[in-house]
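A quick write-up on the structure given underneath.
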Amino acid sequence: MRKEVYITDYNCVTPLGFDVASNWNDLLQGKSGVTKHKVIENQDAFYASIIDSGKLEEEFNRFFDSAQKSKIRRLANDNTNFTRLEKMFLLSLKPLVERHNITDETAFILSTTKGNISLLKNQATLPEGVYLSSLAQKIADFFGFKTKPIVVSNACVSGIMAIAVAKNMIQAGRYKDAFVVAGDEISEFVISGFNSFQAIGSEPCKPYDKNRSGINIGEATAAGFITSHCEERSEAISNEKFSFKILGDSAINDANHISGPSRTGDGLYASIKNAMTEANVSAEQINFISAHGTATIYNDEMEAIAFNRMELQNVPLNSMKGFYGHCLGASGLLESIISMESALHNNLISSKNFEEMGVSQPLNILKENQPAIIKYILKTASGFGGCNAAIVLEKC
Amino acid sequence: MMKKTDICTIENSKITVNEQVIFESQAEFFSEFAKEAYKSLALNYPKFHKMDNLSKLAFLASEMILKDEDHSKTAIVLANRSSSLDTDFKYQESINSQDNFFPSPAVFVYTLPNICVGEISIRHKMQTENAFFVLDEFDEKFLNDYSEQILQSGKAEKVLCGWVELYQESYKAFVYLLTN
């Protein structure tokens with residue numbers, strides 16, 4: 001019998017707010033973080049979901065001042081020089097570190113695609129901060145993590161994999177619990193790259209919609225606390241308000257193309273199938289799908305094919321990209337957190353900006369918020385390199 | 001108990017498989033070495049030439065191990081230190097200046113470390129579990145523990161596992177096959 005592993009706490013930092021409650025309230029009202037921005041000089045403004053830097057600075061300074069006086073002061077080394085992304089990471093982890101103990105058997109798992117890539121601009125050699133392991137170590141040192149940080153960098157499925165890796169390494173007996181954090185920031189690097197693919201939409205993105213024009217890039221950090229010792233009711237979880245069991249996970253490659261989704265949905269189909277098999281949950285039992293839905297024709301179509309192959313076409317489904325844009329390495333964890341909030345509030349959030357069916361296969365896409373009893377959640381994502389990932393969560 | 005079979009090491013312009021030198025060259029630069037190795041080993045996979053250097057390194061190492069066998073149940077778990085920084089750096093140079101702003105999608109796609117896993121998967125039609133980790137040093141125990149979970153859960157029967165590190169002219173691959 002393998003150990004059971006639970007998510008018992010989480011937090012997020014997004015343009016909609018710096019905690020889950022403020023995010024949830026905005027989502028309920030249909031508010032989106034996607035607005036028009038000018039990021040690259042001499043180039044047209046475009047739609048993206050960007051955190052206000054002034055607000056971030058203000059929030060971080062308040063946190064840092066109080067950290068200096070609180071119990072995390074002992075760990076907060078005197079390094080006060082943090083990048084914008086590092087501040088986002090620190091703010092998302094802060095409440096979790098305050099509520100849960102860090103021990104010798106606590107893992108620290110960080111998911112990102114590009115980390116501090118902005119530091120590379122106009123550099124002749126690599127600055128230390130662009131190494132993902134240095135970024136992770138800096139965050140780990142701040143909070144006093146004792147084990148070596150693990151960085152997961154699997155393109156846009158990284159956020160889901162953070163949860164899967166935590167589960168697997170806890171089941172392997174290597175750790176008792178884990179703090180996972182996932183994040184990516186909007187940078188000229190990423191924007192220019194997606195632009196070169198002509199993938200960036202000229203309007204707010206419309207996942208699965210007939211009139212979609214492409215993706216919006218977003219930025220966010222999200223954090224979760226994952227543990228196996230739920231059943232012991234130990235001190236570490238005495239203030240636990242909820243728990244979600246991680247029932248199954250899988251990340252299967254399409255083996256088809258490095259930058260285009262598979263036309264058959266093979267990898268996503270197999271990921272979902274594996275995760276559901278491990279979870280021992282059937283298609284009829286899944287109450288809700290938090291899909292990837294980037295709003296590119298090929299991606300959305302591929303997902304529709306994979307969900308239909310799994311006979312999941314009637315399950316209520318949404319994409320969060322209309323609210324947050326595509327937050328790359330952060331999206332999988334952020335969207336998992338919002339799914340769990342949905343389950344806790346018995347309320348499914350509409351798939352923002354979806355109006356008219358734009359995929360060839362049927363899907364039950366949420367046009368409005370909708371009350372629902374949710375026990376089993378399926379979360380999926382797909383990304384460059386042909387990667388896909390799926391996890392099944394159970395509300396306990 | 002997991003068994004480790006077929007180990008491939010690539011460093012200093014030399015490819016070693018199970019302690020036997022398979023290919024060695026005098027090439028000074030990695031790209032030159034990779035090209036010579038490709039030719040000498042008669043790999044016959046033209047897509048190789050479009051890959052970035054990290055993918056070429058991972059591809060060469062995996063070719064030595066996977067050969068022409070069936071790998072429809074072989075997972076891939078790789079790690080390195082420098083992520084895709086070798087290509088990131090090249091891509092950044094193409095966007096540093098507004099007067100000389102030429103981002104290329106063909107370069108941008110390689111600015112993710114897991115692309116090399118995709119390349120190997122495509123080559124051997126491996127629709128299997130895959131993961132890419134970035135660690136400050138090679139941690140074989142960690143990678144093996146993670147691989148063991150994949151094997152124990154029944155999601156794969158073998159795991160192509162290891163370290164594929166490359167930044168400019170500094171590189172090392174240490175890749176092996178794990179079976180139950």
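Labels below follow one simple rule: chain letters A, B, ... track the order of the sequence lines, proteins then strands, and each chain is numbered from 1.
Here the CD1-NZ distance, from A:Ile258 to B:Lys47, works out to 8.5 Å after rounding to the nearest 0.5 Å. Here A:Ile150 contributes atom CD1 and B:Phe142 contributes atom CZ; the two are 4.0 Å apart, rounded to the nearest 0.5 Å. Between the CZ atom in B:Phe133 and the CD1 atom in A:Ile109 there is a gap of 8.0 Å [rounded to 0.5 Å].
Other residues, nucleotides and ligands place more than 12 heavy atoms under 6.0 Å from the NZ atom of A:Lys121. In B:Lys67, the NZ atom is crowded: over 12 heavy atoms of neighbouring residues, nucleotides or ligands sit closer than 6.0 Å. By the neighbour-count criterion of 12 heavy atoms within 6.0 Å, atom CD of A:Gln198 is sparsely surrounded, having that number or fewer from other residues, nucleotides or ligands. B:Lys73 NZ: 12 or fewer foreign heavy atoms inside a 6.0 Å radius. With a 6.0 Å radius and a threshold of 12 heavy atoms from other residues, nucleotides or ligands, B:Tyr45 has its OH atom above the threshold.
Interface remark: B:Thr128 contributes backbone atoms only to the contact with chain A (heavy atom separation under 4.5 Å). In this structure, chain B has heavy atoms under 4.5 Å from both the backbone and the side chain of A:Val165. With a threshold of 4.5 angstrom between heavy atoms, B:Arg123 does not approach chain A through any atom at all. Of the atoms belonging to B:Ser84, it is side-chain heavy atoms, and not backbone ones, that fall under 4.5 Å from chain A. When heavy atoms are compared at a cutoff of 4.5 Å, B:Phe102 does not approach chain A at all. Interface remark: A:Ala124 contributes backbone atoms only to the contact with chain B (heavy atom separation under 4.5 Å).
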*Report the C-alpha distance between A:Asn253 and B:Asn130 in whole Å, list the side-chain angles of each, state the deciding distance to 0.1 Å, and finish with yes or no for side chain to side chain donor-acceptor pair (under 3.5 Å).*
CA-CA 7 Å; A:Asn253 202 288; B:Asn130 55 188; 2.6 Å; yes

*What do the steps show when you test A:Ile117 against B:Asp88 for side-chain contact (heavy atoms from CB on, under 4.5 Å), and what is the final call?*
CA-CA 8 Å; A:Ile117 199 68; B:Asp88 293 0; 3.6 Å; yes

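Chosen from A:Asn388, A:Asp254, A:Asn274, the residue pairing most often with chain B at heavy-atom distances under 4.5 Å is A:Asp254. Note: B:Ser121 leads B:Ser104, B:Ser121, B:Gly118 in heavy-atom pairs under 4.5 Å with chain A. Each of B:Val107, B:Ile150, B:Leu85, B:Ile120 has some count of heavy-atom pairs under 4.5 Å with chain A, and the biggest count is that of B:Leu85. Of the listed residues A:Leu132, A:Val152, A:Leu110, A:Leu126, the one with more heavy-atom pairs under 4.5 angstrom with chain B than any other is A:Leu126. If you tally non-hydrogen atom pairs under 4.5 Å between each of B:Lys141, B:Gln168, B:Lys125, B:Arg81 and chain A, the highest count goes to B:Arg81. For the options B:Gln98, B:Glu148, B:Glu93, heavy-atom pairs under 4.5 Å to chain A are most numerous at B:Gln98. Between chain B and the residues A:Lys114, A:Met161, A:Glu278, the most heavy-atom pairs under 4.5 angstrom are made by A:Lys114.
Side-chain N or O atoms of B:Gln127 include none that pairs as donor or acceptor with a backbone N or O of A:Ala255 at under 3.5 Å. Put simply, the side chain of B:Asn96 gets close to the backbone of A:Asn122: a donor and an acceptor are under 3.5 Å apart.
Smallest separation of non-hydrogen atoms from A:Ser196 and B:Pro103: CB-O, 3.8 Å. B:Ser82 approaches A:Tyr131 most closely through the heavy-atom pair OG-CE2, 3.5 Å. Shortest non-hydrogen contact noted between B:Ile95 and A:Glu188 is O-OE2, 3.8 Å. Shortest non-hydrogen contact noted between A:Ala155 and B:Asn114 is N-OD1, 3.4 Å. The shortest non-hydrogen separation linking A:Ser153 to B:Val134 is CB-CG2, 4.0 Å. Considering every non-hydrogen atom in both A:Ser259 and B:Val109, the closest pair reads CB-CG2, 3.5 Å.
Note: A:Phe384 and B:Phe108 have perpendicular aromatic rings, judged against thresholds of 30 and 60 degrees for the angle between ring planes.
Residues B:Tyr91 and A:Ser192 have side chains that bring a donor and an acceptor to within less than 3.5 angstrom of each other. B:Glu129 and A:Ser250 share a donor-acceptor pair across their side chains, judged by distance under 3.5 Å alone.
Residues A:Val130 and B:Phe89 fail the side-chain proximity criterion, which asks for heavy atoms closer than 4.5 Å. The shortest side-chain heavy-atom distance between A:Lys148 and B:Glu137 falls under the 4.5 Å cut-off.
Note on B:Lys155 versus A:Asp249: salt bridge recorded, some NZ/NE/NH1/NH2 to OD/OE distance being below 4.0 Å. The existence of a salt bridge linking A:Arg174 and B:Asp139 is confirmed by a sub-4.0 Å separation between a basic side-chain nitrogen and an acidic carboxylate oxygen.
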